[in-house]
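Report on the structure given below.
Heavy atoms only: backbone and side chains are in, while hydrogens, waters and symmetry mates are out. Everything numeric here is computed off the predicted structure, so don't read it as measured data.
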Number of protein chains: 2
Amino acid sequence: MPLPQTEVPGRLQAHFAERGIRMTQQRRAILRVMETATKHLDAAQLLRKAQRLDASVDRSTVYRTLRLLKRHGLIDELDLMHINGEGHYYERKLGRDHIHMACLRCGKITEFVSDGFERLKQQVEKDCRFRVLISRLEIGGYCATCRGPQ
Amino acid sequence: MPLPQTEVPGRLQAHFAERGIRMTQQRRAILRVMETATKHLDAAQLLRKAQRLDASVDRSTVYRTLRLLKRHGLIDELDLMHINGEGHYYERKLGRDHIHMACLRCGKITEFVSDGFERLKQQVEKDCRFRVLISRLEIGGYCATCRGPQ
DNA sequence: TCGGTAGTCGCAACTGGTCGCAACCGGCGT
DNA sequence: ACGCCGGTTGCGACCAGTTGCGACTACCGA
């Protein structure tokens with residue numbers, strides 16, 4: 001999937017500076033991990049990886065930084081249909097929203113960008129007079145492989 | 001909103017019998033609360049109400065029963081965009097899926113049934129060859145009242 | 001270069017949800 | 001009507017995430 005032009009990869013830190021958010025040792029470590037992550041991370045993995053860059057990073061700092069990123073719309077928080085317990089997963093927000101599909105059998109996560117999703121959000125804006133800021137569509141079911149032939 | 005014909009209200013207990021799920025004192029209390037609930041309940045409210053019917057009901061039994069109902073597709077679990085902390089909300093599943101919109105300012109929850117949502121799920125089934133079993137679409141933003149005029 | 005201060009951090013205590021285990025009981029077979 | 005047995009329960013310990021607080025520090029102005 002090509003990266004959208006509105007967003008340069010690896011530049012969460014630049015966003016912080018632009019918005020006048022204070023940069024700290026710990027945040028630098030956490031952001032670096034998020035920037036270089038290739039998969040959906042949960043908070044515990046993020047903590048472990050960040051601590052390898054800066055051992056002083058605390059659990060609560062990770063959560064606070066995630067909340068901060070969420071509030072600024074720089075990351076998305078996912079349940080992935082609670083495939084593995086209650087935890088959440090986080091991913092950098094790059095351009096367009098996408099749907100997450102979680103296979104209830106093999107646990108694979110698939111992402112899907114759809115114009116229909118964008119139209120649906122516009123319909124909500126219009127029909128419900130509701131200003132849409134965040135949206136999350138998660139689907140649980142069986143992926144092409146697990147649902148077998150046909 | 002009229003009730004769909006495929007589902008008779010107040011009959012969670014009948015579903016249990018049909019599917020050969022064992023009925024216990026505690027489950028009866030919990031189901032009765034769910035059947036008569038008019039709003040989205042969280043686990044703690046459900047526990048309190050159930051304990052008024054049967055004082056022996058334990059916290060973990062409530063969670064286990066909710067998981068059971070979820071697995072059988074009889075209820076939906078909602079985050080409501082984590083408007084009030086981390087907790088989840090539960091509601092009986094009656095007929096068609098609907099979108100939940102949470103106002104980030106006043107906290108009001110609005111529900112919206114949309115053909116576009118159904119079409120979107122069909123598109124996922126077709127384009128991704130993914131069998132859709134559960135789906136959850138939650139939107140956070142500002143409701144008509146809170147976003148002010150226009 | 002050097003304070004002052006608002007914003008951030010680490011820690012420890014707390015809430016929401018899960019798990020392992022031994023005791024218990026619903027409902028079928030006789 | 002009774003007993004058996006596997007599913008269910010309550011309990012206490014645990015994991016995930018949040019909060020309050022005192023100590024610390026990034027960064028602005030001088």
Would you classify B:A43 as touching base, sugar-phosphate or nothing, given that sugar-phosphate means primed atoms plus P, OP1 and OP2, and contacts are heavy atoms under 4.0 Å? sugar-phosphate
Round to the nearest Å and state the distance from [X] atom [atom1] to [N] atom [atom2].
X	N	atom1	atom2	result
A:L46	D:dG17	CG	P	11 Å
B:L47	D:dT9	CG	C1'	14 Å
A:L66	D:dT18	CG	C1'	13 Å
B:L68	C:dG17	CG	P	17 Å
B:F16	C:dG26	CZ	C1'	14 Å
A:R48	D:dC15	CZ	P	13 Å
A:Y63	C:dG10	OH	P	15 Å
A:I30	C:dT8	CD1	P	12 Å

For [X] and [Y], test the side chains for any donor-to-acceptor distance below 3.5 angstrom and give the result as yes or no.
X	Y	value
B:D79	B:H88	yes
B:Q123	A:S114	yes
A:H100	A:E138	no

Mark yes or no for whether B:E118, through its side chain, and B:R96, through its backbone, hold a donor-acceptor pair below 3.5 Å.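 No.
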Taking for each residue the nucleotide of DNA chain C with the nearest heavy atom, is it B:R28 or B:R67 whose nucleotide lies nearer the 5' end? B:R67
Atom pairs and distances, side-chain donor-acceptor, residues 26-34 of chain A, under 3.5 Å, sequence neighbours left out:
{"from": "A:R27", "atom 1": "NH1", "to": "A:R22", "atom 2": "O", "distance (Å)": "2.8"}

Is there side-chain contact between [X] and [Y], with at least one heavy-atom pair below 4.5 Å?
X	Y	result
B:T110	B:K108	yes
B:R92	B:L12	yes
B:Y63	B:R67	no

Can you tell me if NZ on B:K121 sees more than 12 non-hydrogen neighbours from other groups inside 6.0 Å? yes
Residues forming a side-chain hydrogen bond (donor to acceptor under 3.5 Å, both in side chains) with A:T61, sequence neighbours excluded: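 With neighbours one apart ignored, the set is empty.
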Please give me the minimum heavy-atom distance between A:F117 and A:S135, naming the atom from each residue.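 What the structure gives for the nearest pair is CZ-OG, 3.8 Å.
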Angle of first-five versus last-five pair axes in the helix from C:dT1-D:dA30 to C:dT30-D:dA1, to 10 degrees: 30°
Quick one: the side chain of A:R64 and the base of C:dG10, do they pair up donor-acceptor inside 3.5 Å?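 Indeed there is one.
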OP1, OP2 of C:dG16 versus side-chain N and O of B:H88: anything below 4.0 Å?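 No.
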So, using ring-ring contact (aromatic ring centres under 6.0 Å, His included) as the criterion, who are the partners of A:H72 when residues are at least two apart?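 By the ring-ring contact (aromatic ring centres under 6.0 Å, His included) rule, A:H72 matches no residue at all.
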Kindly state which residues belonging to residues 52-60 of chain B come within less than 4.0 angstrom of DNA chain D, counting heavy atoms of the residue only, listed by number.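 Residues of residues 52-60 of chain B that come under 4.0 Å of DNA chain D are, in numerical order, B:S56, B:V57, B:D58, B:R59, B:S60.
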In 5'-to-3' order, the base (B), backbone-only (S) or no-contact (-) status of each nucleotide in nucleotides 24-30 of chain D, using a 4.0 angstrom heavy-atom cut-off, is -BBS---
